[in-house]
Amino acid sequence: LNPSITIISEAIIFVGVFLFLLILYPLVTLSIVLIFGIVMIFLNILLMGRIGGYSIAREQHCRQIYVTAAEALSAVKEIQMYDVKKYFTDKFSNATKGYTQSLVKFNIVSNLPRPILETLIFTFFILGMMLSVFLNKSFTDMIPMMTVVGIVCLKLLSSISKIYLNIHVLFYNANAADIVYDIILSSDLRREGLSAIGPKDLNIEEKSPSLHLKRINFRYETAANPILEDFSLTIPLNQMIAIVGKTGSGKSTLIDILMGLLEPSNGLFYYRGSVINRNNIADYRKKIGYVPQNFFLTDDSICANIAFGIY
């Protein structure tokens, strides 16, 4: 709304100043407006396509920023489980960098006409003085006209620059408005009608075909009592088991320990006879799979969801 108001107000000022100068010096005024008009049309043809590209790039990167952040926050366990933090940080960093670059380029391009027009005004006055000397006209006779024209041109330049800048702002943000419109329209219409991981040299010795917890203790920092105390469990490989219990009995905590997301305060955790610790936890996670309780999908293809952070 603000760009539209600015365009209207500056257009009114431009017309008033233009009429004032036209009454005083018709030929000079028409010449200046003609030159300004040709330059602005040329710049518009030259730069409008670039601004449209910057707008599309900004929307794509902005969308990627929010999508990546939402996905990462919704899949903290999975990201830590599969050790794909770098994939998400790189994805977020690239999106942020692309968004910043598109915004900087737009600001540079949209403010480019003002220095060009200022150079033209300065050149126009220099040529005017040279012409007066060439025609043997008195320089003192030219001073009043050049003073009035110079002051008025500065005001016209300010109005033209603001109008041009805010038109570009509207055009730059039009893509976002189109996206919102398409979302609303599609909602109305709905109402109407990889590579697989294959680690070879893992730091885990396969001595026993089982997963074993031995006298595990675990207590959350905010809890008064341990949620798991002197807990032992053996899970044979290739066997299907169910872990059942009351709410708050430690089922989710046990799963987090089995995934290596929580570290027991006491006890040992074995996988095929090898003790799992901080040195080999990443290798251990590559040996297991995890289907979360809450269904989660990234905003990507089915293949990318299956790979999850691999590419």
Side-chain angles (χ1 to χ4, degrees), residues 1-18 21 32-73 87-126 149-185 299-300:
L1 184 60
N2 286 336
S4 300
I5 295 174
T6 302
I7 291 172
I8 295 172
S9 61
E10 292 297 330
I12 294 173
I13 295 173
F14 175 84
V15 172
V17 173
F18 169 74
L21 190 61
I32 293 174
V33 172
L34 179 63
I35 294 172
F36 279 10
I38 293 174
V39 173
M40 296 304 295
I41 291 174
F42 174 75
L43 290 175
N44 189 65
I45 295 174
L46 182 65
L47 302 178
M48 194 61 76
R50 292 180 179 271
I51 292 177
Y54 300 152
S55 176
I56 294 173
R58 185 200 64 163
E59 296 304 325
Q60 291 175 343
H61 292 304
C62 184
R63 178 179 180 275
Q64 192 62 56
I65 288 172
Y66 287 104
V67 168
T68 304
E71 290 175 352
L73 292 174
Y87 169 80
F88 283 92
T89 54
D90 289 348
K91 194 175 179 181
F92 185 84
S93 178
N94 291 335
T96 305
K97 182 179 179 181
Y99 176 84
T100 304
Q101 287 179 345
S102 65
L103 194 59
V104 170
K105 291 177 181 178
F106 164 73
N107 287 328
I108 293 174
V109 169
S110 60
N111 288 285
L112 189 60
R114 186 178 181 91
I116 294 177
L117 293 177
E118 288 176 347
T119 304
L120 284 176
I121 291 175
F122 181 76
T123 304
F124 177 79
F125 276 93
I126 296 296
V149 173
I151 294 174
V152 173
C153 281
L154 290 176
K155 184 56 188 175
L156 290 176
L157 175 62
S158 176
S159 296
I160 291 174
S161 299
K162 290 180 180 178
I163 292 172
Y164 188 82
L165 175 61
N166 283 278
I167 288 176
H168 279 185
V169 170
L170 290 176
F171 185 75
Y172 183 64
N173 292 289
N175 191 53
D178 291 339
I179 293 174
V180 174
Y181 175 77
D182 291 339
I183 293 174
I184 295 174
L185 182 62
D299 187 19
D300 211 326

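Since the structure is predicted, the reported quantities are computational estimates derived from the model, not experimental observations.
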Output for pair (Tyr66 OH, Phe92 CZ), nearest 0.5 Å, gives 9.0 Å
Those residues at least two apart in sequence (or on a different chain) that pass side chain to side chain donor-acceptor pair (under 3.5 Å) with Asn107 are none
Residue pairs passing the salt bridge (charged side-chain N to carboxylate O under 4.0 Å, His left out) test with at least one member in residues 93-105, sequence neighbours excluded, are none
What one should report as the nearest heavy-atom pair of His61 and Ala95 is CB-O, 3.4 Å
inquiry  = So does Thr89 get a backbone contact from the side chain of Ser93, meaning a donor-acceptor N/O pair under 3.5 Å?
reply    = no
Review point. Can Ile13 and Glu10 be said to form a side-chain contact (heavy atoms from CB on, under 4.5 Å), step by step?
Key: CA-CA 5 Å; Ile13 295 173; Glu10 292 297 330; 4.2 Å; yes
Mind running side-chain contact (heavy atoms from CB on, under 4.5 Å) on Glu71 and Lys91 for me, showing each step along the way? CA-CA 11 Å; Glu71 290 175 352; Lys91 194 175 179 181; 3.9 Å; yes
* Asked: Is the closest side-chain donor-acceptor distance between Thr68 and Gln64 under 3.5 Å?
  -> yes
In short, Ala72 meets Phe88 closest at the heavy-atom pair CB-CD2, 4.3 Å
